[in-house]
Amino acid sequence: MAQEKSKNIDVNVGVLALQGGFIEHISHLHQCAKIISEKDDNPYCFKITEARTVSEIEILDGIIIPGGETTAMSILMGKNDQELLKALQRFAIAKPVLGTCAGLIMIANNIKGQMEMGQLKIGGIDVTVCRNAYGAQLQSFEAPLTITDCDVSDSRSTPMVFIRAPSIESIDSNKVQVLATYKNVPVAVRQNNLIGLSFHSELTDNLTWHMYFLKTVINEKFLVK
Ligand SMILES: NC(=O)CC[C@H](N)C(=O)O
């Protein structure tokens with residue numbers, strides 16, 4: 001008789017829920033977690049949460065910084081002596097972070113087109129991004145990507161959504177891997193545990209990028225360092 005395997009390894013994944021499109025990320029993570037959990041030999045129990053405080057961030061194994069508005073995120077992260085910003089910076093040194101659109105801007109080391117008084121960033125990926133380089137809200141578009149890293153498996157090649165999206169103007173270190181391009185320009189990059197996407201992977205029904213992120217979280221959690 002087939003025995004029910006116990007799913008006893010907790011994997012805590014959160015989405016920063018200060019501002020922007022966090023609900024859609026939560027839904028995509030739930031769908032991926034369900035697919036992984038249905039496999040017979042899956043030992044993982046995924047806990048997916050919205051994170052708004054330092055303690056909610058610190059317990060996570062991986063976090064998504066969603067799209068939205070980096071100027072607003074910067075102001076919210078600057079409150080209380082920048083406690084949230086500092087927690088996210090500590091987190092990004094050690095654990096997986098997926099930044100989409102505004103989230104990519106937050107984890108980039110160099111930002112062009114910042115608000116006048118400057119803006120806070122988490123940093124970590126050695127790229128220069130340019131805010132709104134793909135145009136204003138009305139110029140939002142969908143476009144198919146070219147996947148350039150074999151660990152990202154996109155069987156359907158669904159077009160991805162660009163909304164006031166940042167361009168990745170330059171890759172500033174050879175530690176940065178390009179995961180996908182659009183018109184030969186990088187739009188998805190990775191440096192160690194940090195993954196940044198110019199586009200909104202959560203606004204299509206394609207689960208490729210969330211699946212890739214969950215696998216990264218599992219790998220990093222159980223990597224013997
Ligand atoms: N859709 C988005 O996340 C847009 C990002 C926004 N243009 C910013 O710079 O913050």
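All of these numbers come straight from a predicted model, not from anything done at the bench. Both ligands and their constituent atoms are indexed starting at 1 by order of listing.
- With contacts defined as side-chain heavy-atom distances shorter than 4.5 Å, the pair T216/L98 does not qualify.
- Taking a cutoff of 4.0 Å between a charged side-chain nitrogen and a carboxylate oxygen, E83 and K79 do not qualify as a salt bridge.
- A salt bridge links E69 with R131: the closest approach of a Lys/Arg side-chain nitrogen to an acidic carboxylate oxygen falls below 4.0 angstrom.
- The shortest non-hydrogen separation linking L104 to G196 is CD1-CA, 3.8 Å.
- Closer than 4.0 angstrom to ligand 1 lie heavy atoms from G67, G68, E69, T70, C101, A102, I105, R131, N132, I163, R164, H200.
- Other residues, nucleotides and ligands contribute over 12 non-hydrogen atoms within 6.0 Å of the NZ atom of K221.
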Under 3.5 Å donor-acceptor pairs involving side-chain atoms of residues 178-186, not counting sequence neighbours:
none

